[in-house]
Visitor: 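Okay, handing you the structure first.
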Protein chains: 2
Amino acid sequence: MKGYGQFCPIAMACETFAERWTPLILRELLAGGRRFNELRQGLPLISRTLLGQRLRELEAAGIVQSRPLARGRGREYRPTQAAEEFREVLDRLGEWGQRWATTQFDPDNLDLPLLMWNVRRRIDFARLPARRIVVRFDFRAFPARCRPFRTCWLILEGGGSDVCLKDPGHEVDLVVSADAEAMARVWTGAISFGQAVRDGGLRLDGPRDLVRAFPSWLLLSHFAHVQRPARVV
Amino acid sequence: MKGYGQFCPIAMACETFAERWTPLILRELLAGGRRFNELRQGLPLISRTLLGQRLRELEAAGIVQSRPLARGRGREYRPTQAAEEFREVLDRLGEWGQRWATTQFDPDNLDLPLLMWNVRRRIDFARLPARRIVVRFDFRAFPARCRPFRTCWLILEGGGSDVCLKDPGHEVDLVVSADAEAMARVWTGAISFGQAVRDGGLRLDGPRDLVRAFPSWLLLSHFAHVQRPARVV
DNA sequence: CAGTATCCGATGCGATACTG
DNA sequence: CAGTATCGCATCGGATACTG
């Protein structure tokens, strides 16, 4: 049996929405993902088969529109107005998750490339000098089963950011040395930036201005500042 | 594989939430459902097995608390604070659904007992006389495969409402004769009450006061008044 | 009534291989 | 690169039967 057999709008919405991966695909689209493999970077564990299938379903439901790229192979996927309005739902869902669903941090689940992929989208360029800035992240103390990934470069230029897993060759402006878990905790809002520095989980090396401004231009997760529930028994 | 392998709060929330039936179970709990079979009335198509399993999952996730009834067999299920805060998500989801996911009304999916079960919860008692009011609904023109269900009684008394599928024997104060689909359309906000009356899809018989006040004390679906998107091409 | 245990069929989904 | 077709297994979930 398919569907819930109800005319309630919540039920109708759930028929397309409460499917595995679908809310996260929408999250990626609303965060600016447009290409198939771009979406996959934000969803490392989804299979290509399933992503393709879900995109087709979303397009049939009028939530996604796709068209072939002007040049090259492949398509561009765009959120429609209906998808845009879904942001409201995802924001409430994320706030709820931040308050009630953040389980004890399991370092084995820590996916550093995914973390950096998200970091990339949360830069306040207005707080940065107009020239190109290259930040190298040196990670340590991540679990053995993590992909071989110790260093990456964040390139901030012209209002856009890129993450490189290989040395792009540019001169480095700032080096962030971080315990992987500490970086993740700061990102999620579990501990403050200052606390992580004081604990030694995070260290910055570079020009004074850039270092001092770091917490202002590296925005954290969208939900980092959501107030957790007071501990009630 | 279980889970999304992400620390994003949306992903965490989805692990418990984006499962079949779960949002609707939450909807029922937040609408006041407390007993197993009470929940089932709002979810006619769920199996007992699955409802039981989901309630256990929700309890493990801290979203539901249950305890044996003081008297009698069975348990009482209660939404926790976490569930209460989930209302925000469901409201946004319902608004989205009302705007974007209400497909062409399929009369074959029209479940009148379910409709009445929902109607029962949307009464503004402040608009009613303090005494007991009994409303009889006579339905017509519903699909053949619908359960044999033509008439039901809505009993409004002491701030609580009950739906009976068999004559409770009380004197009837008001009779609503309705084309089943018209009633559903009014309920969902697709057409106005006045329009349905003018079209002949709905008729009221009873004392003038009660008839005139009807649209004020029979509240519609929670989402009936959500503005639909302007028709853009 | 208020559920739970068991069984088994449907489908969801990942792996692999393939295509323009 | 940017996907799609096929296959096979794992799990999801409904039906049935059972229990206090």
Side-chain angles (χ1 to χ4, degrees), chain A residues 1-6 11 14-25 28-29 33-61 64-78 111 162 165-166, chain B residues 1-6 11 14-25 28-29 33-61 64-78 111 117 162 164-166:
Chain A
M1 183 212 27
K2 190 99 191 125
Y4 298 103
Q6 306 199 180
C14 285
E15 295 197 2
T16 50
F17 166 73
E19 291 284 319
R20 191 163 163 70
W21 288 110
T22 304
L24 300 188
I25 295 170
E28 289 303 308
L29 282 162
R34 292 292 175 269
R35 307 284 302 273
F36 193 83
N37 282 340
E38 212 177 343
L39 297 172
R40 287 187 69 204
Q41 289 199 61
L43 310 165
L45 263 45
I46 200 174
S47 73
R48 281 175 298 180
T49 311
L50 189 52
L51 178 55
Q53 180 185 321
R54 287 288 185 266
L55 285 170
R56 255 175 281 128
E57 291 165 3
L58 286 171
E59 187 148 17
V64 164
Q65 263 201 354
S66 78
R67 59 173 187 211
L69 288 172
R71 53 190 59 232
R73 323 160 196 76
R75 312 178 71 77
E76 184 193 51
Y77 300 90
R78 284 195 157 277
D111 181 332
D162 270 310
L165 306 191
K166 286 185 285 198
Chain B
M1 180 214 26
K2 190 94 191 133
Y4 298 104
Q6 306 198 182
C14 285
E15 296 198 2
T16 50
F17 165 73
E19 292 283 321
R20 192 162 162 70
W21 289 108
T22 304
L24 300 188
I25 295 170
E28 289 302 309
L29 281 162
R34 292 293 175 267
R35 306 285 303 274
F36 192 83
N37 282 339
E38 212 177 343
L39 297 172
R40 289 186 67 204
Q41 287 200 61
L43 310 165
L45 264 46
I46 201 175
S47 72
R48 282 174 298 180
T49 311
L50 190 52
L51 178 55
Q53 180 185 321
R54 287 289 186 265
L55 285 171
R56 255 175 279 129
E57 291 165 5
L58 286 171
E59 186 147 17
V64 164
Q65 263 200 353
S66 78
R67 59 172 188 211
L69 289 173
R71 53 189 58 230
R73 323 160 194 77
R75 311 178 71 78
E76 184 194 50
Y77 300 90
R78 285 195 155 278
D111 182 332
W117 177 253
D162 271 309
C164 294
L165 306 191
K166 286 185 286 197

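Residue numbering restarts at 1 for every chain, and letters A, B, ... go by the order of the sequence lines.
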Visitor: CG/Leu45(A) to CG/Leu50(A) distance, rounded to the nearest 0.5 angstrom?
Guide: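 It is 11.5 Å, given to the nearest 0.5 Å.
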
Visitor: Tell me the interatomic distance from Leu51(B), atom CG, to dA2(C), atom P, rounded to whole angstroms.
Guide: 12 Å

Visitor: Tell me the stems DNA chain C sits in, counting at least three consecutive Watson-Crick or G-U wobble pairs, each under 3.5 Å on both distances.
Guide: C:1-20 with D:1-20

Visitor: Leu39(A) CG to dC1(D) C1': how many Å, rounded?
Guide: 15 Å

Visitor: When you measure from the side chain of Arg35(A), which nucleotide among dG13(D), dA2(D), dG14(C) comes out closest?
Guide: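 Output: dA2(D).
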
Visitor: When the distance from CZ of Arg20(A) to P of dG12(C) is rounded to whole Å, what number comes out?
Guide: 13 Å

Visitor: Let me confirm one number: the CG-SG distance from Leu24(A) to Cys14(B), rounded to the nearest 0.5 Å.
Guide: 5.0 Å

Visitor: Look at the side chain of Tyr4(A) and the backbone N and O of Glu15(A), then say whether any donor-acceptor pair between them is shorter than 3.5 Å.
Guide: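 No, Tyr4(A) side chain to Glu15(A) backbone: no donor-acceptor pair under 3.5 Å.
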
Visitor: Does Tyr77(B) put a side-chain nitrogen or oxygen below 4.0 Å from OP1 or OP2 of dA2(C)?
Guide: no

Visitor: Can you tell me the distance, in whole Å, between the CG atom of Asn37(A) and the P atom of dG3(D)?
Guide: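 Value for this atom pair: 7 Å.
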
Visitor: Can Glu59(B) and Arg56(B) be counted as an ion pair, charged N to O under 4.0 angstrom?
Guide: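 No.
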
Visitor: Looking only at non-hydrogen atoms, find the nearest pair between Arg20(B) and Gly3(A) and report the distance.
Guide: NH2-O, 3.2 Å

Visitor: Would you indicate, yes or no, if dT4(C) has its OP1 or OP2 atom less than 4.0 angstrom from a side-chain nitrogen or oxygen of Arg56(B)?
Guide: yes

Visitor: What's the closest nucleotide to the Arg75(B) side chain, out of dG3(C), dT6(C), dA2(D)?
Guide: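 Looking only at heavy atoms from C-beta outward on Arg75(B), the closest nucleotide is dG3(C).
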
Visitor: Whole angstroms only, please: what is the CG-C1' distance between Leu50(B) and dT4(C)?
Guide: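 It is 14 Å, rounded to the nearest whole Å.
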
Visitor: Which part of the nucleic acid, if any, lies within contact of Arg54(A), taking any heavy atom under 4.0 Å across all strands shown: a base, the sugar-phosphate backbone alone, or nothing?
Guide: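 Counting heavy atoms under 4.0 Å across all strands, the contact made by Arg54(A) is with sugar-phosphate only.
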
Visitor: Quick one: closest heavy-atom pair of Leu29(B) and Arg34(B), and the distance?
Guide: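 Where Leu29(B) meets Arg34(B) most closely, the heavy atoms are O-NH1, 3.0 Å.
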
Visitor: Is any side-chain nitrogen or oxygen of Arg40(B) closer than 4.0 Å to OP1 or OP2 of dA2(C)?
Guide: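 So the side chain of Arg40(B) is outside the cut-off, no N or O lying under 4.0 Å from OP1 or OP2 of dA2(C).
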
Visitor: Please report the distance, rounded to the nearest Å, between CZ in Arg73(B) and C1' in dC18(D).
Guide: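 Distance, rounded to whole Å: 16 Å.
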
Visitor: In this structure, how many angstroms lie between the P atom of dA17(C) and the CZ atom of Arg48(A), rounded?
Guide: 12 Å

Visitor: How many angstroms lie between atom CD of Glu76(B) and atom CD of Gln65(B), to the nearest 0.5 angstrom?
Guide: 10.5 Å

Visitor: Is it the case that the base of dA15(C) and the side chain of Ser47(A) share a donor-acceptor contact (distance under 3.5 Å, atom types as modelled)?
Guide: no

Visitor: Specify the residue among Gly52(B) and Gln53(A) whose closest nucleotide of DNA chain C lies further upstream toward the 5′ end.
Guide: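 The residue mapped nearer the 5' terminus is Gly52(B).
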
